[in-house]
Amino acid sequence: MAGAVGEARGSGWTWRPVAQDPLLARTFHSCTELRGRFYLVGGLLAGGAREPSSETVVFDPAGGQAVRVAARGGPRRSHHDAAPVGGRWLCVVGGWDGSHRSATVTALDTDRGVWEAWTAGSGSCPPAGLSSHTCTRISDRELRVAGREGGTRTQRRYGSIYTLRLDPGARTYWYGT
């Protein structure tokens, strides 16, 4: 991870590493702040990996350490996004699982250290699949999802914006445009 540091002279910024750890070496992952720590989910690991990882790593900037999360069952994803919900859940939305694009929601319950696949609610109208999209938290019950959608062969050249409603208590989600 790198941080920007203002230069004493000139108008530019200088980047300097704040941590260097092999656990952080990945691409097409998500990095989400929750409770002052950064959660890195999935992606393609260093060394030329072609299949998405299900690994989750937590980076604590106060201690400067990265550790692998012991919770099993994390989503095997790349090209996804994630958002914090309720100060407790890290919701991973969509992405590439190695064979198709998904629009599902999987959440890490950081209080219990458990991954859970949430269920689409009645009447949900999910995208065909999402990749390289964004997820913006509006509230603890609502996200905006914007970007690429479609299956491997039918991916659209444009994106849509979806409202993603969440019910953490019932572990359900609902998509609408």
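Computation of the quantities below employed the complete heavy-atom set of this structure, encompassing side-chain atoms and omitting hydrogens, waters and symmetry-equivalent molecules.
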In this structure, would [X] and [Y] fall into the same cluster of hydrophobic residues linked by side-chain contacts under 4.5 Å?
X	Y	result
Leu34	Val69	yes
Leu40	Val58	no
Leu166	Val92	no
Val93	Val85	yes
Leu90	Val105	no

Candidate pair Val57 and Phe38, rule side chain to side chain contact (heavy atoms under 4.5 Å, CB included), full reasoning: CA-CA 8 Å; Val57 172; Phe38 294 93; over 6 Å; no
How far does CH2 of Trp89 sit from CZ of Arg112, to the nearest 0.5 angstrom?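 Spacing of CH2 (Trp89) from CZ (Arg112) equals 9.0 Å.
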Just checking Arg35: does its CZ atom have more than 12 heavy atoms from other residues, nucleotides or ligands closer to it than 6.0 angstrom?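 Yes, enclosed.
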Please indicate whether Arg88 has more than 12 foreign heavy atoms, meaning atoms of other residues, nucleotides or ligands, lying under 6.0 Å from its CZ.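 Correct, the count exceeds 12.
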Minimum heavy-atom separation for [X] and [Y], please, with both atom names.
X	Y	answer
Ala71	Gly113	CB-O, 3.0 Å
Ser54	Gly74	CB-O, 3.4 Å
Tyr173	Trp118	CE2-O, 3.3 Å

Has the side chain of [X] got a donor or acceptor atom that lies under 3.5 Å from a matching backbone atom of [Y]?
X	Y	answer
Arg26	Gly42	yes
Asp60	Gln65	no
Trp115	Thr106	no
His80	Gly43	no
His79	Asp97	no

For Glu142, what residues pass the side-chain contact (heavy atoms from CB on, under 4.5 Å) criterion, not counting sequence neighbours?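 Glu142 satisfies side-chain contact (heavy atoms from CB on, under 4.5 Å) with Ile138, Ser139, Arg144, Thr163, Arg165 once adjacent residues are dropped.
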Contact check, side chains of Arg148 and Arg101, non-hydrogen atoms, under 4.5 Å: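 Yes, at least one pair of side-chain atoms sits under 4.5 Å.
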Polar contact flag, side-chain donor to acceptor under 3.5 angstrom, Ser102-Thr104: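 A pair is found: one side chain offers a donor N or O, the other an acceptor, under 3.5 Å apart.
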Start with the C-alpha distance between Leu108 and Val114, add both sets of side-chain angles, then the distance that settles side chain to side chain contact (heavy atoms under 4.5 Å, CB included), and finish with yes or no. CA-CA 6 Å; Leu108 175 63; Val114 175; 5.9 Å; no
Could you walk me through whether Val145 and Leu130 pass side chain to side chain contact (heavy atoms under 4.5 Å, CB included), step by step? CA-CA 9 Å; Val145 180; Leu130 297 164; 3.7 Å; yes
Determine the sole option in Arg68, His29, Arg76 for which the side-chain hydrogen bond (donor to acceptor under 3.5 Å, both in side chains) test with Glu55 is passed.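 Only one of Arg68, His29, Arg76 forms a side-chain hydrogen bond (donor to acceptor under 3.5 Å, both in side chains) with Glu55, namely Arg68.
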